[in-house]
Asks: 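Before I ask anything, let me first share the structure, which is written out below as structure tokens.
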Amino acid sequence: MNDEVAQSFDELADLMQIAGGDRFKIVAYRRVGDEVRALARDLSTLDDEDLLALRGVGRATASKIREVMKTGTMAKLEEARAAVPPGIREMTALPGLGPKTALLLHHQLGVSNLAELDKAIKEQRLRAIKGLGRKTEENLAAALRRFKGKQERIPIDVALSVAESLLEELRGSDLVSEVAYCGSLRRGKETIGDLDLLATGPDPAAIMGLFTGLPGVAGVPASGSTKSTVRTREGLQVDLRVVAPDEFGSALQYFSGSKEHNVRIREIAVKQGYKLSEYGLFRVSDNLKVAGASEEDVYGALGMTTPPAPMRENRGEVELALKGELPELIQLADILGDLHSHTRYSDGSTTVREMAMTAMGLGRRYLAITDHLDAWVKSHSPDTILLQAGEIAAVNEEFGDKITVLQGVEVDIGPEGTLALPDSILDSVDLVIASIHRRYGLDPEAMTRRVVKAMQHPSVNIFGHPTGRWLGSREAAEFDLTEVFAAAKDNGVVMEINSNPARLDLKDDHIRLAREFGLKFSINTDSHNPGHLSRMRLGVGMAQRGWVTKPETINALPLDGLRHVLTKE
DNA sequence: GCCGTTTTCGGCCCGACTGTTTTCAGTCG
């Protein structure tokens with residue numbers, strides 16, 4: 001429902017922009033779309049008062065939201081649709097082609113969708129239009145070719161590795177004194193569109209030359225004296241900006257926050273008599289620069305504490321920063337153990353001992369082995385659990401002073417909400433993760449009943465990868481999150497934040513809703529081989545996006561404290 | 001269309017790059 005409403009407002013804004021509507025109304029509608037999309041609760045659970053409390057939602061918008069929920073559309077949107085030929089909007093999805101040009105093409109050439117645009121380009125009809133030219137035609141042709149290929153966002157782990165190797169190459173040069181990645185990657189989003197890099201050094205032009213000439217660069221769509229865009233061989237777009245050293249902080253601020261966060265911060269600056277840009281914070285009265293070298297200086301001069309990058313989405317962090325009440329987010333260094341991993345006993349690749357040694361090397365003080373010991377992965381004899389217990393005991397004997405291996409299971413939640421292992425086994429292990437692995441497609445009510453029932457089982461400690469989403473291939477399962485979170489609270493069940501880059505589940509908005517219910521979290525890697533154990537930082541990043549603190553994280557507890565939580569007393 | 005420690009009316013963020021122009025509009029982030 002929320003998505004449907006958000007999309008209606010997005011479309012309304014797009015269509016009004018094409019038709020040349022009031023630009024402030026357009027901005028207002030876009031904000032509503034963003035706000036609704038970020039909402040963790042379903043709109044249908046909100047009364048009028050809740051609705052009006054949403055930022056950017058007034059009387060007129062509230063009634064439009066109700067209209068969409070009731071009828072699936074709104075009169076204003078239908079009006080806009082009638083005014084703009086279908087297909088024009090899809091044209092503006094093409095990078096480099098905005099509403100003005102789309103409309104121009106429509107009026108001049110009768111082009112009203114991407115297919116017709118393609119034809120017009122091939123016939124070289126664009127270059128004849130006043131205001132366009134040969135180059136524009138070529139650029140749009142290239143954009144169209146790329147558009148037909150892939151336009152997917154890159155998973156965060158892939159983007160991180162590309163970014164880190166680029167940073168390494170740039171750092172290796174004398175030309176570069178400082179370089180960092182920012183943008184959605186720094187904010188820890190699960191997928192990244194473009195990579196944003198920021199550098200400083202004595203000779204900006206030379207840095208640009210270095211950057212556009214890096215071996216992994218396949219093309220250079222734009223290159224100026226302080227800003228360049230390249231396309232890597234993998235098809236990833238990378239932007240690099242170069243600023244002076246005393247601008248690095250304001251530039252980092254500028255390129256790290258989401259657009260919404262930055263607009264908010266700049267509005268606050270204006271109200272206080274300042275102007276904020278990537279070059280610094282300036283007092284309007286005399287153009288005096290008051291901050292710029294560090295992010296803390298910039299936020300500090302505005303009377304704010306500095307929100308950690310993953311919080312900078314304009315989801316309420318600005319208000320907290322103004323009051324100096326930002327939460328202290330969980331950090332990777334706070335994590336003492338990992339509570340979800342697999343070995344050869346099920347679908348993992350290696351032994352308990354090897355997993356323990358790698359975890360130890362990463363500084364973990366405990367590791368739970370949570371194999372699927374039910375029949376759906378492999379068939380097991382009843383004493384498999386004892387065999388594994390023996391192996392774990394031996395590893396603990398060997399490494400016990402450095403790391404403690406716990407024995408757990410990841411048990412499948414059947415369609416009816418029953419667990420796929422007998423109570424005798426569930427009782428005998430240190431911890432139980434209950435997860436759904438099949439039959440995601442039940443209707444929401446059945447799904448909710450299924451999950452609630454599983455959480456009522458007294459042995460269940462953690463709800464594993466709760467929504468079951470698989471980025472790029474499977475949507476989150478539909479169930480009533482508020483009901484499930486309430487049941488988790490009643491039954492002492494902890495929510496997993498799964499670090500697998502294809503899952504990152506729970507996700508940020510759901511985490512924030514879970515926190516409202518007072519739930520605790522376990523940030524786990526769900527490792528199937530030793531290499532997976534270092535994914536923890538991805539899960540921590542998602543936790544930070546959900547504003548999770550250390551006291552809310554059970555695997556930041558020392559072993560004693562953790563054991564106490566696992567006994568559910 | 002929303003919103004208020006300068007406002008209930010009059011504002012609403014900022015700058016780089018490109019292409020096509022002779023000073024700027026369009027697009028993007």
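By convention in this document, chain letters (A, B, ...) are assigned in the order of the sequence lines, proteins followed by strands, and residues within each chain are numbered from 1. Values below: every heavy atom of this structure, side chains too, minus hydrogens, waters and symmetry copies. All of these numbers come straight from a predicted model, not from anything done at the bench.
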Asks: How far, in whole Å, is B:dC14 from B:dC9 if one measures between their C1' atoms?
Replies: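 Going atom to atom, C1' in each nucleotide, I get 25 Å.
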Asks: Mark up nucleotides 15-25 of chain B, 5' to 3', with B wherever a protein heavy atom is under 4.0 angstrom from a base atom, S wherever such an atom reaches only the sugar-phosphate, and - elsewhere.
Replies: SSSSSSS----
Asks: Considering only atom P, compute the distance from B:dC12 to B:dT7 and round it to an integer number of Å.
Replies: 15 Å
Asks: Roughly how far apart, to the nearest Å, are B:dA16 and B:dG10 at atom C1'?
Replies: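 It comes out at 30 Å once rounded to the nearest Å.
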Asks: Looking just at side-chain N and O atoms, do A:Asp42 and A:Thr45 make a donor-acceptor pair shorter than 3.5 Å?
Replies: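 Side chains of A:Asp42 and A:Thr45: no pair found under 3.5 Å.
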Asks: Between A:Glu190 and A:Arg469, does any side-chain N to carboxylate O distance fall below 4.0 Å?
Replies: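 Looking at A:Glu190 and A:Arg469, the cut-off is met.
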Asks: Give the C-alpha distance, both sets of side-chain angles, the deciding distance and a yes or no for salt bridge (Lys or Arg N to Asp or Glu O under 4.0 Å) between A:Arg30 and A:Asp14.
Replies: CA-CA 9 Å; A:Arg30 284 202 199 290; A:Asp14 285 350; 2.8 Å; yes
Asks: Given atom CG of A:Leu140 and atom C1' of B:dG26, what is their separation to the nearest angstrom?
Replies: 12 Å
Asks: When you compare B:dG26 with B:dT20, how far apart are their C1' atoms, in angstrom units rounded to a whole number?
Replies: 11 Å
Asks: Would you tabulate the side-chain donor-acceptor contacts of residues 167-177 of chain A under 3.5 Å, counting partners in other chains and residues two or more places apart, or write 'none'?
Replies:
unit_1, atom_1, unit_2, atom_2, d
A:Arg171, NH2, A:Val179, O, 3.3
A:Ser173, OG, A:Leu175, N, 2.9
A:Ser177, OG, A:Thr200, O, 2.9

Asks: So what's B:dT8 paired with, Watson-Crick or G-U wobble, going by both distances under 3.5 Å?
Replies: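 Checking every strand shown, B:dT8 finds no partner, since no pair has both distances under 3.5 Å.
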Asks: Could you measure between the two P atoms, the one in B:dT22 and the one in B:dC17, and give it in whole Å?
Replies: 22 Å
Asks: C1' atom, B:dT8 versus B:dG1: distance in rounded Å?
Replies: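 It comes out at 15 Å once rounded to the nearest Å.
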Asks: Looking at A:Arg81 and A:Glu78, is there a salt bridge between them, counting it only when a charged N and a carboxylate O are closer than 4.0 Å?
Replies: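 So A:Glu78 pairs with A:Arg81 through a salt bridge.
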Asks: Please determine if A:Asp34 and A:Lys259 form a salt bridge, counting it only when a charged side-chain N lies under 4.0 Å from a carboxylate O.
Replies: no
